[in-house]
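Quick note: numbers below take in every heavy atom, side chains included, and nothing from hydrogens, waters or symmetry partners. These numbers were taken from a predicted model, which means no experiment stands behind them.
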Amino acid sequence: MSKLGNVGARLYRGEVGYDFVGKRKIWYGISILITITAIVGLAVRGLNMGIEFSGGAVFTTPKTSVSSTEAQHKAESVAGEHQVVVQKLGDGALRIQISGLDTKQSLPVQEALAKDLNVPVKDVNTQLVGPSWGEEIANKAWLGLGIFMVLVVLYLAIAFEWRMALAALVALIHDLTITVGIYALVGFEVTPGTVIGLLTILGYSLYDTVVVFDSLKEASKDITKQTRFTYSEIANRSINGTLVRSINTTVVALLPVAGLLFVGGGVLGAGMLNDISLALFVGLAAGAYSSIFIATPLVADLKGREPQMQALAKRVKAKRAAAAAKGAEDPQDELPGGEEAEDGDGTAVVGPRHQPASRGRGRGRPSGKRR
């Protein structure tokens, strides 16, 4: 078995682990900082809305030797104050988007572009997109996103509980905010492909979160009938048990998306891939992060406020204190490495894991045939 497989098996069995839940305030702080940066970028720079949302004209030229940078300068001189986006297509043609143009303005712009690019006017294809159509598309996108969120919350509240539904909703909003903020900071164009990418990453993020929640639900069944672990410790075991699976699925999903973004959009110049590939790349990474560092620790926080869970934490602490006072083996040693025992106010004490000695080791005869 590979080293990663060995680590995954040990994490699943609880032999090793990392204290994700105990360090939740650090993850909350990092997420808040990233979210604030995204919101500031969105407020200062705004989104570069595609022509499908803002309206305008799309001019497609035949194959030409003019570079996209040169065509950008020529188109900007023709378009005046209107926003211009130029993309070099695979066959050498140019796709020039100019926002805010109406039918009357498009004809002289078409003629000017044909003259500057040295191509026949009749070979320049023109497509007009009305602003009302773009507004309708935007409204439908918001409606679809809202319906998706409502269905997610209802499903998780029924399948699990309302605390998990709330934590998953916070994680989804977290992923959306970061992705949209990156779009504003980078300046990539927002198109219907971007909306498709956002809906895709929300589904992926939800899947990763539900995997951890399902493990947590199974492990915390009848949790109040035992005094070995607190709810936060059970939550931390669930994260560690699914950690390698989350890493593997995220890496496998990111590799082809990275190919679209960096190779397709960057090296090959297929600019139309950028709108969906950036949303997928940022969203997949943010979704994997939020399922581990945000959603489950938030559930542990919400659940830990219940009187039953607080009483359980006190019983666990009292049992460990009594065992330590008697000089017995500390029950903390039974916990995965880095897991914590919480007291009633949420204060965590982290201790290393020690493997208990095997029974009979050092006493009597060794196993095997007697001589």
Side-chain angles (χ1 to χ4, degrees), residues 10-32 156-157 159-171 209-243 290-356:
R10 296 181 67 192
L11 284 169
Y12 181 79
R13 293 193 298 266
E15 296 175 0
V16 295
Y18 183 78
D19 189 14
F20 293 101
V21 176
K23 295 179 173 61
R24 55 189 176 273
K25 292 183 179 179
I26 298 177
W27 319 133
Y28 293 165
I30 293 174
S31 293
I32 290 173
L156 291 179
F160 298 98
E161 59 172 302
W162 69 266
R163 295 169 188 83
M164 291 184 176
L166 178 60
L169 180 62
V170 171
T209 301
V210 167
V211 168
V212 184
F213 283 178
D214 186 64
S215 175
L216 176 57
K217 179 183 178 182
E218 183 67 24
S220 62
K221 185 178 181 180
D222 299 327
I223 187 176
T224 56
K225 296 181 181 179
Q226 54 83 47
T227 55
R228 292 182 62 194
F229 307 119
T230 65
Y231 189 88
S232 293
E233 292 166 354
I234 295 293
N236 200 59
R237 290 169 65 92
S238 299
I239 296 176
N240 281 280
T242 58
L243 181 61
S290 65
S291 64
I292 297 173
F293 297 96
I294 303 298
T296 308
L298 184 56
V299 170
D301 264 339
L302 295 174
K303 197 74 175 180
R305 299 175 185 273
E306 290 185 351
Q308 290 180 339
M309 297 301 111
Q310 292 178 350
L312 173 63
K314 290 180 180 179
R315 293 198 303 270
V316 172
K317 182 181 179 181
K319 180 180 179 180
R320 292 171 182 170
K326 292 179 182 179
E329 181 180 337
D330 189 352
Q332 178 72 16
D333 293 343
E334 300 177 356
L335 298 177
E339 288 197 355
E340 62 184 24
E342 284 195 356
D343 55 16
D345 60 359
T347 304
V349 180
V350 179
R353 174 181 172 85
H354 303 283
Q355 295 292 344

Compare all side-chain heavy atoms of [X] with those of [Y] and state whether any distance is below 4.5 angstrom.
{"X": "Pro297", "Y": "Tyr28", "value": "yes"}
{"X": "Ile223", "Y": "Phe229", "value": "no"}
{"X": "Leu312", "Y": "Gln226", "value": "yes"}
{"X": "Ile239", "Y": "Phe293", "value": "no"}

With [X] via side-chain hydrogen bond (donor to acceptor under 3.5 Å, both in side chains) - residues at least two apart:
{"X": "Ser31", "answer": "His174, Tyr289"}
{"X": "Ser291", "answer": "Asp208"}
{"X": "Thr227", "answer": "Lys319"}

Between [X] (side chain only) and [Y] (backbone N and O only), is there a donor and an acceptor less than 3.5 Å apart?
{"X": "Ser215", "Y": "Val211", "value": "no"}
{"X": "Arg237", "Y": "Ser232", "value": "no"}
{"X": "Asn236", "Y": "Gly22", "value": "no"}

Show the nearest heavy-atom pair for residues Ala295 and Ala167, with the distance to one decimal. O-CB, 3.4 Å
List the residues meeting side chain to side chain contact (heavy atoms under 4.5 Å, CB included) with Ala235, not counting sequence neighbours, and say none if there are none. Val21, Leu216, Thr296, Ala300
Which residues pass the side chain to side chain contact (heavy atoms under 4.5 Å, CB included) test with Leu156, not counting sequence neighbours? Val152, Phe160, Ala165, Ala168, Leu206, Val210
Can the positive tip of Lys23 be found less than 6.0 Å from the middle of the six-membered ring of Tyr18, inside 45° of the ring normal? yes
Calculate, to the nearest 0.5 Å, the distance between atoms CG and CH2 belonging to Leu169 and Trp162 respectively. 12.5 Å
Salt bridge (Lys or Arg N to Asp or Glu O under 4.0 Å): pairs with one or both residues in residues 290-310, sequence neighbours excluded: Arg24-Asp301, Glu161-Lys303, Arg163-Glu306, Lys303-Glu306
Hey, is CD on Gln308 packed in by over 12 heavy atoms from elsewhere, all under 6.0 Å? no
